[in-house]
Amino acid sequence: MSAPTHPLLARDLLTVTDLSSTEILGLFGLASRLKADYGSFAGSLAQRSLVLLFEKPSLRTRVTFELGFQKLGGAVCFLDHQGTPIGERETVEDYAGNLSRWADAIAIRCRSHTLLEQFSRAARVPIINALSDLHHPCQALADLFTLVEAGIPLEQLHLAWVGDGNNVCNSLIEAVATLGARMTIVTPEQFRPAESILRRAQARALRSGARIVCTSDCARVDGVHAIYTDVWFSMGEESKAQSKRDALAPYQVDAALMRRAGSQAKFMHCLPARRGEEVTTEVLDSPASIVLDQAENRMHLQNAILLTMLRPDLSALTSDAVALGGAH
Ligand code: CP
Ligand code: NVA
């Protein structure tokens with residue numbers, strides 16, 4: 001994409017590390033304002049267009065981008081790439097060049113994060129990562145917004161990730177590292193998040209005061225504000241190796257693990273869930289579960305991103321940072 005025209009966010013969002021803590025808090029503030037009163041933003045994205053390119057299935061991401069953008073008056077075009085991978089019919093560069101002449105922003109869900117980076121280099125409009133094999137930034141940002149909205153101050157937040165150290169986990173690590181919160185990642189040794197992600201996050205944590213630890217011990221969830229899990233087999237991993245299932249079986253989030261965390265602990269999941277696999281139905285449907293708040297907030301948070309990218313005149317991020325009670 002060409003040089004940024006907005007001091008804060010008129011650029012791509014490929015990973016959470018593309019944002020500063022001030023920008024993230026600003027997005028939380030704006031998402032909160034949108035959620036409270038869409039009427040004040042009616043028509044703010046009129047004449048703007050968003051293209052969605054999806055190589056993988058989606059419910060939440062597709063619907064929240066489509067309905068969210070339309071709620072603000074914009075037009076959305078969905079291009080289904082589940083059958084024909086991006087870059088197969090014409091080069092990524094030709095594709096990105098054409099789309100940049102019609103769309104004001106492009107959200108991409110793809111098999112390989114490398115393709116997202118290639119697309120980003122070739123495009124002349126902002127690119128948003130709608131999930132890649134390595135990252136899911138819109139999800140992680142909406143999730144931390146959900147926790148702040150639930151009244152948990154970021155400087156006290158202690159989040160536990162339990163299960164497979166995957167793309168959602170990577171983005172949560174980056175968000176926690178940026179915002180100075182605390183995260184305990186509980187996985188079998190062989191399914192820990194990538195060392196490169198952890199190394200970069202620890203470097204950020206030195207600056208933000210975040211505390212991020214990896215363990216294989218489920219007892220470490222004691223006292224956390226929330227336990228978060230995700231499917232054991234992400235899209236593209238459909239071989240469902242029995243050895244992975246066996247290794248993860250002791251990491252199922254069940255009522256006993258929630259009790260171990262404490263009565264304050266919320267349950268989180270990006271969804272879709274495999275009931276009876278990474279989480280029991282009892283926990284998923286329990287009062288502690290805030291999974292539908294997370295799903296709803298995807299729309300408000302993504303709309304905050306899109307407004308900031310496309311209407312910086314309407315989205316004063318820094319002043320919004322203080323508008324949300326639980327934030328810094
Ligand atoms: N959480 C999430 O991204 O859901 P979808 O795969 O349905 O979009
Ligand atoms: N880790 C999951 C997230 C789905 C929203 C996947 O990549 O399939």
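The model shown is predicted, which means the values in this text are computed figures rather than measured ones. Counting starts at 1 for both ligands and their atoms, following the listed order.
Under 3.5 Å, the side chains of Arg109 and Thr61 contain a donor-acceptor pair of N or O atoms. Counting only N and O atoms by type, the side chains of Thr178 and Arg204 include a donor and acceptor under 3.5 Å apart. For Thr64 and Gln302, the side-chain atoms include at least one donor-acceptor pair closer than 3.5 Å.
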Just distance, no hydrogens or angles: give the donor-acceptor pairs under 3.5 Å from side chains in residues 279-290, sequence neighbours left out.
unit_1: Thr280; atom_1: OG1; unit_2: Val283; atom_2: N; d: 3.2
unit_1: Asp285; atom_1: OD1; unit_2: Arg275; atom_2: NH1; d: 3.3
unit_1: Asp285; atom_1: OD1; unit_2: Arg275; atom_2: NH2; d: 3.1
unit_1: Asp285; atom_1: OD2; unit_2: Arg275; atom_2: NH1; d: 2.9
unit_1: Ser286; atom_1: OG; unit_2: Val283; atom_2: O; d: 2.8
unit_1: Ser286; atom_1: OG; unit_2: Ala288; atom_2: N; d: 3.4
unit_1: Ser289; atom_1: OG; unit_2: Leu284; atom_2: O; d: 2.8

Anything under 3.5 Å between a donor and an acceptor, one on a side chain of residues 35-45, the other on a protein residue two or more places apart or in another chain? List them.
unit_1: Lys35; atom_1: NZ; unit_2: Glu149; atom_2: OE1; d: 3.3
unit_1: Lys35; atom_1: NZ; unit_2: Glu149; atom_2: OE2; d: 2.7
unit_1: Lys35; atom_1: NZ; unit_2: Asn297; atom_2: OD1; d: 2.8
unit_1: Asp37; atom_1: OD1; unit_2: Gly39; atom_2: N; d: 3.1
unit_1: Asp37; atom_1: OD1; unit_2: Ser40; atom_2: N; d: 3.4
unit_1: Asp37; atom_1: OD2; unit_2: Ser40; atom_2: OG; d: 2.2
unit_1: Tyr38; atom_1: OH; unit_2: His300; atom_2: ND1; d: 3.0
unit_1: Tyr38; atom_1: OH; unit_2: Asn303; atom_2: ND2; d: 3.0
unit_1: Ser44; atom_1: OG; unit_2: Phe41; atom_2: O; d: 2.6

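Protein neighbours of ligand 1 below 4.0 Å, counting non-hydrogen atoms: Ser58, Leu59, Arg60, Thr61, Arg109, His136, Gln139, Cys270, Leu271, Arg298.
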Between the protein and ligand 2, are there any N or O atom pairs that come within less than 3.5 Å of each other, and if so, what are their names and distances?
unit_1: ligand 2; atom_1: 1 (N); unit_2: Asn166; atom_2: ND2; d: 3.3
unit_1: ligand 2; atom_1: 1 (N); unit_2: Asn167; atom_2: OD1; d: 2.8
unit_1: ligand 2; atom_1: 1 (N); unit_2: Asp230; atom_2: OD2; d: 2.6
unit_1: ligand 2; atom_1: 1 (N); unit_2: Ser234; atom_2: OG; d: 2.7
unit_1: ligand 2; atom_1: 7 (O); unit_2: Asn167; atom_2: ND2; d: 2.8
unit_1: ligand 2; atom_1: 7 (O); unit_2: Ser234; atom_2: OG; d: 3.4
unit_1: ligand 2; atom_1: 8 (O); unit_2: Met235; atom_2: N; d: 2.8

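The two residues Ile108 and Ile106 have their closest heavy-atom pair at CG1-CG2, 3.8 Å.
When atom types are taken as modelled, the side chain of Gln252 and the backbone of Glu277 share a donor-acceptor pair closer than 3.5 angstrom.
A cation-pi arrangement, defined by a distance under 6.0 Å to the six-membered ring centre and an angle within 45 degrees of its axis, is present between Arg62 and Phe78.
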For Thr229 and Tyr251, run side chain to side chain contact (heavy atoms under 4.5 Å, CB included): C-alpha distance rounded to whole Å, both residues' side-chain angles, the deciding distance at 0.1 Å, then the answer. CA-CA 9 Å; Thr229 194; Tyr251 296 83; over 6 Å; no
